[in-house]
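The structure displayed is predicted, hence computed values, not measured ones.
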Amino acid sequence: MVLALATWLFASAWLLPHSIPTAWNSLVSAVLIAAVALISFAAPGKPGLRFGNALMAVWLLIAALLMPHVSLATMAHDVLAAMALSSL
């Protein structure tokens, strides 16, 4: 599920009206989220790795509130993505 969210976040950088900083934030965050998810799947004996995605959820929320957005809908999307990631 986390990989699906990372894939959508990556695609949303091109599919939704993002400003340049928020598009880059979506791209980089998606890659980091996917990397943490894949590493945590590969090392199931280390549950602490999943805290990396919790930190990414906090970052996405902060970035959604502080970065310049093209539209309110895109800002809401980023907040919802952060909330979805924190619940996984």
Side-chain angles (χ1 to χ4, degrees):
M1 202 64 181
V2 175
L3 290 176
L5 179 66
T7 302
W8 167 248
L9 195 59
F10 191 86
S12 74
W14 287 285
L15 298 175
L16 298 177
H18 282 283
S19 65
I20 292 174
T22 59
W24 275 105
N25 184 58
S26 292
L27 292 171
V28 172
S29 295
V31 169
L32 291 175
I33 290 165
V36 168
L38 290 172
I39 291 168
S40 67
F41 289 149
K46 300 191 184 221
L49 291 173
R50 292 197 182 259
F51 285 113
N53 277 338
L55 292 174
M56 288 305 302
V58 170
W59 168 252
L60 281 174
L61 182 63
I62 291 170
L65 298 175
L66 297 180
M67 291 182 119
H69 287 277
V70 173
S71 72
L72 186 59
T74 305
M75 182 177 152
H77 166 268
D78 291 348
V79 170
L80 290 173
M83 290 171 55
L85 181 60
S86 70
S87 69
L88 298 176

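Hydrophobic clustering, defined by side-chain heavy atoms of Ile, Leu, Val, Met, Phe, Trp and Tyr closer than 4.5 Å, groups Met75 together with Leu61, Leu65, Leu72, Val79, Leu80, Met83. Through side-chain heavy atoms spaced under 4.5 Å, either directly or across other Ile, Leu, Val, Met, Phe, Trp or Tyr residues, Val36 is tied to no other residue.
For the side-chain contact (heavy atoms from CB on, under 4.5 Å) criterion with Val2, the lone passing option out of Leu85, Thr7, Leu38 is Leu85.
Between Ala82 and Leu60, the shortest heavy-atom distance links the atoms CB-CB, 3.7 Å. In this structure, Pro17 and Val70 approach most closely via the heavy-atom pair O-CB, 3.3 Å.
Residues Trp24 and Leu32 share a hydrophobic cluster, clusters being chains of Ile/Leu/Val/Met/Phe/Trp/Tyr side chains in contact below 4.5 Å.
Atom CD1 of Ile33 sits about 5.5 Å away from atom CG of Leu9, to the nearest 0.5 Å.
Sparse packing is recorded around CD1 of Ile20, with 12 or fewer heavy atoms of other residues, nucleotides or ligands lying under 6.0 Å away.
Every residue meeting the side-chain contact (heavy atoms from CB on, under 4.5 Å) condition with Ile62, not counting sequence neighbours, appears here in chain and number order: Val58, Leu66. With sequence neighbours excluded, the residues that form a side-chain contact (heavy atoms from CB on, under 4.5 Å) with Ala84 are Leu5. Taking Val31 as the reference, Phe10 meet the side-chain contact (heavy atoms from CB on, under 4.5 Å) condition, with sequence neighbours excluded.
Applying the side chain to side chain donor-acceptor pair (under 3.5 Å) test to residues at least two apart or on different chains, the pairs with a partner in residues 71-86 are Trp8-His77, Ser71-Thr74. Counting only residues at least two apart or on different chains, the side chain to side chain donor-acceptor pair (under 3.5 Å) pairs with a member in residues 10-20 are His18-Thr22, Ser19-Thr22. Pairs passing the ring pair (Phe, Tyr, Trp, His ring centres under 6.0 Å) check and including a residue from residues 38-67, sequence neighbours excluded, do not occur.
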